[in-house]
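Everything on this sheet refers to the single structure shown next.
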Amino acid sequence: MLKAALFASTAMVSLGQPVNVPTMATPWPLGTKTPYWGKARTYIPPSSNGQTCKPIMMQHVGRHGSRYTDAEDFDDFAKLMKDYGHAINKDSLKFLRNYENPFPRNRFDQLVDTGREELYGMGSRMFDEFNTDLNFGEYNPAEVKFQHTYKTRTGSSASAFSLAAVQQASGTGKLGPNDLEAVHMAVVWNGNTDWNDDLTISDGDKVLRPTDNCAGYEVLVNGNDDHPANTYEDIFEDANITAEVVPRVVDALQWNETVKEMTHKDVKLFYKVCQYESIILKKYTNNACDVFSNDDFAMYAFLKDMSEYHETGYGSSYYDRLACPLFSEMISEISGRVAGDNAIRANFRFGHSDTIMPMVTALGLFKDGVNPTPDMAWTEAEKRQWKTSEIAPMGANINLILHECTDDTTNATSHKVGLRHNEYHIKWPRCGTATDVDFCSVADIKQAYPYSTGCNYDEICKKPVTPAPAPVPQQPAPMELSGSASALSASLVLVALLSAFTVL
């Protein structure tokens with residue numbers, strides 16, 4: 001498979017002028033586990049047709065920053081190495097035999113240092129771009145709102161963001177030698193259940209945790225063994241990971257299969273450890289990543305993209321409805337500001353990948369002409385826009401920015417809404433009856449996106465009596481990558497690796 005499309009960043013339009021989107025923070029795409037990247041820039045509001053516009057409100061929804069994973073992933077890998085590590089015969093990789101979990105057990109699922117830095121940096125950039133117009137530093141909890149789910153990692157993300165977005169205006173508060181402000185953080189909680197210490201319950205949050213609180217989705221998608229979100233992954237692993245990746249890993253390790261036959265589940269442990277050591281330690285060599293080729297990373301990236309496409313993306317029958325509570329809340333607050341019913345300058349919300357993905361699909365972003373399937377040709381797969389490493393990395397975010405525009409001749413005012421993804425302005429896929437529009441009126445947004453005006457979420461998510469079966473495709477033949485593509489991909493990844501070290 002030609003990797004140029006996998007390792008190159010998506011070009012986006014930034015308010016009438018082209019921009020260079022930063023490369024990924026890791027040498028390879030790691031799906032939704034990819035760390036966030038950011039770059040300082042200057043926001044330029046729309047100014048056309050004899051109008052002068054300025055931002056008056058930001059509606060922000062973002063994912064938490066990079067975090068620790070579950071302890072069991074590292075424990076399982078350590079056990080695999082303890083029991084069978086002596087099967088590794090390659091001298092340069094024998095250090096894996098003595099692998100021990102390097103991370104503190106009491107930190108799992110919390111933000112890592114990288115995650116806090118991601119959100120603080122994002123808050124600092126947004127302060128520099130928007131504080132002149134939105135005045136985050138003049139803090140008033142009724143006008144600058146912070147919301148997050150009940151998870152520790154989202155609360156910490158909101159806090160790190162606020163330290164830069166609000167506290168950067170030195171002297172606005174009255175606490176301590178730096179005159180800090182006490183910022184109110186609201187936990188989104190609908191009160192449907194009781195709190196408990198292990199935080200394993202559903203919180204009734206339909207706005208920021210839509211998949212966890214939609215009974216129909218849980219039955220028809222998550223709990224439906226015949227749904228493509230669940231079957232395609234197994235088919236792809238059998239046809240491609242087992243047939244292509246496992247043999248390459250066995251060769252890389254010089255693994256003695258008389259000790260233990262390597263399985264795709266074993267290889268998946270190597271991949272997970274590689275993912276999180278890349279995120280947490282910013283370590284890309286001399287670890288589990290060493291066993292994978294560029295082609296292996298490409299296959300795992302496609303596997304994650306395909307799975308998410310059918311789970312929370314366009315392959316799910318809920319794709320344009322799960323985000324209804326969030327989308328309609330954002331548009332409601334924007335409409336209220338236009339009507340003079342509220343004075344909100346910003347509402348910053350912090351959730352999860354399952355917050356971002358439904359919002360992306362509700363907006364119609366990154367939609368391909370064909371659905372990804374296990375038997376898709378690599379030549380087709382490489383053209384896809386749906387890349388989770390770019391759409392929903394750690395810290396991913398979407399902004400709706402309301403502008404007040406004044407006619408330069410008549411002084412008449414109107415309002416336009418801009419759309420940003422991961423801090424870059426992008427076009428509205430739909431606006432009224434038009435397509436690919438830079439800025440859209442509230443009325444045209446409501447016309448183009450019916451669920452932006454509200455919905456009966458309880459009816460949408462009503463639990464069905466029995467899950468509807470989904471067709472399962474025939475087992476495909478393993479995908480093959482051409483020699484020229486593999487050679488080109490190696491060159492591209494070497495460049496990306498050098499770039500990543502330069503950035504970090």
Side-chain angles (χ1 to χ4, degrees), residues 1 3 6-7 23-31 33-35 68-69 71-103 112 114 237 240-301 303 389 481 483 485-504:
M1 176 184 181
K3 302 303 184 309
L6 280 174
F7 293 98
T23 57
M24 288 178 293
T26 52
W28 330 276
L30 296 174
K33 302 299 187 291
T34 304
Y68 290 104
T69 187
E72 62 186 35
D73 291 331
F74 296 99
D75 292 342
D76 289 346
F77 184 73
K79 186 177 187 306
L80 177 68
M81 292 296 96
K82 180 180 178 181
D83 293 345
Y84 303 109
H86 58 283
I88 299 175
N89 288 307
K90 188 168 184 177
D91 290 339
S92 62
L93 295 174
K94 286 182 179 179
F95 68 90
L96 291 171
R97 292 177 174 181
N98 303 314
Y99 182 87
E100 293 183 2
N101 185 348
F103 308 116
V112 300
T114 299
E237 285 180 336
N240 294 282
I241 304 300
T242 297
E244 299 287 336
V245 179
V246 172
R248 285 196 287 264
V249 171
V250 168
D251 288 343
L253 292 166
Q254 295 178 8
W255 182 268
N256 183 353
E257 292 211 276
T258 63
V259 175
K260 182 189 186 300
E261 183 178 355
M262 183 74 73
T263 68
H264 70 75
K265 291 182 179 179
D266 298 329
V267 171
K268 193 172 186 177
L269 287 176
F270 277 89
Y271 182 70
K272 283 189 174 182
V273 170
C274 168
Q275 278 185 313
Y276 279 96
E277 289 198 349
S278 296
I279 295 170
I280 300 169
L281 304 178
K282 298 182 181 179
K283 184 178 179 182
Y284 313 119
T285 59
N286 296 320
N287 63 359
C289 299
D290 290 349
V291 307
F292 296 110
S293 70
N294 302 333
D295 293 342
D296 300 334
F297 285 114
M299 282 197 175
Y300 273 115
L303 173 60
S389 55
L481 294 92
S486 297
L488 179 57
S489 70
S491 300
L492 288 167
V493 173
L494 177 59
V495 173
L497 179 58
L498 293 173
S499 299
F501 276 112
T502 300
V503 173
L504 294 174

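Computed from heavy atoms alone, side chains included, the values below leave out hydrogens, waters and symmetry copies. Counting from 1, the numbers follow the sequence of the chain as shown.
- For E257, the CD atom sits in a packed shell: over 12 heavy atoms of surrounding residues, nucleotides or ligands are nearer than 6.0 Å.
- In terms of modelled atom types and a separation under 3.5 Å, the side chain of E277 and the main chain of Y284 share no donor-acceptor contact.
- Between Y271 and C289 there is no side-chain heavy-atom pair separated by less than 4.5 Å.
- Interatomic distance, N287 CG to Y99 OH, rounded to the nearest 0.5 Å: 8.5 Å.
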Item checked: side-chain hydrogen bond (donor to acceptor under 3.5 Å, both in side chains) evaluation trace for S293 with D295 -> CA-CA 5 Å; S293 70; D295 293 342; 4.8 Å; no
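- P29 places none of its side-chain heavy atoms less than 4.5 Å from the side chain of Y300.
- Salt bridge K79/D83: present, at least one basic N to carboxylate O contact under 4.0 Å.
- The main-chain N or O of H264 is never found under 3.5 Å from a side-chain atom of T242 such that the two would form a donor-acceptor pair.
- Within the 4.5 Å cutoff, side-chain heavy atoms of N89 are placed close to those of N256.
- The minimum heavy-atom distance between V291 and A252, with the atom names listed, is O-CB, 3.7 Å.
- A heavy-atom distance below 4.5 Å is not found between the side chains of M81 and R97.
- With hydrogens and angles disregarded, a donor-acceptor distance shorter than 3.5 Å links the side chain of W255 to the backbone of K260.
- You'll find the ring centres of Y276 and Y68 outside the 6.0 Å limit.
- We find the CE-CG distance between M299 and N294 to be 12.5 Å, quoted to the nearest 0.5 Å.
- Around atom CD of Q254, more than 12 heavy atoms belonging to other residues, nucleotides or ligands sit under 6.0 Å away.
- Nearest heavy atom pair, residue S389 against residue L30, reads CB-N, 4.1 Å.
- Between L253 and K90, the closest side-chain pair of non-hydrogen atoms is not below 4.5 Å.
- For the atom pair CG of L80 and CG of D75, the computed distance is 12.5 Å after rounding to the nearest 0.5 Å.
- Using a 4.5 Å cut-off on side-chain heavy atoms (C-beta onward), T69 and I279 make no contact.
- Under the 30°/60° scheme for interplanar angles, the aromatic rings of F292 and F270 are found to stand perpendicular.
- Atom CZ of residue R248 and atom CD1 of residue I241 lie 8.5 Å apart, to the nearest 0.5 angstrom.
- Atom CD in E237 sits 5.0 Å away from atom NZ in K268 (nearest 0.5 Å).
- Judged purely by atom type and a 3.5 angstrom limit, D290 has no side-chain atom pairing as donor or acceptor with the backbone of T285.
- A donor-acceptor distance shorter than 3.5 angstrom exists from the side chain of D266 to the backbone of T263, with no hydrogens or angles considered.
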Next item on the list: Applying salt bridge (Lys or Arg N to Asp or Glu O under 4.0 Å), run through D91 and K94 and close with a yes or a no.
Entry: CA-CA 5 Å; D91 290 339; K94 286 182 179 179; 3.0 Å; yes
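- Here the closest non-hydrogen pair linking A87 and V259 is CB-CB, 3.8 Å.
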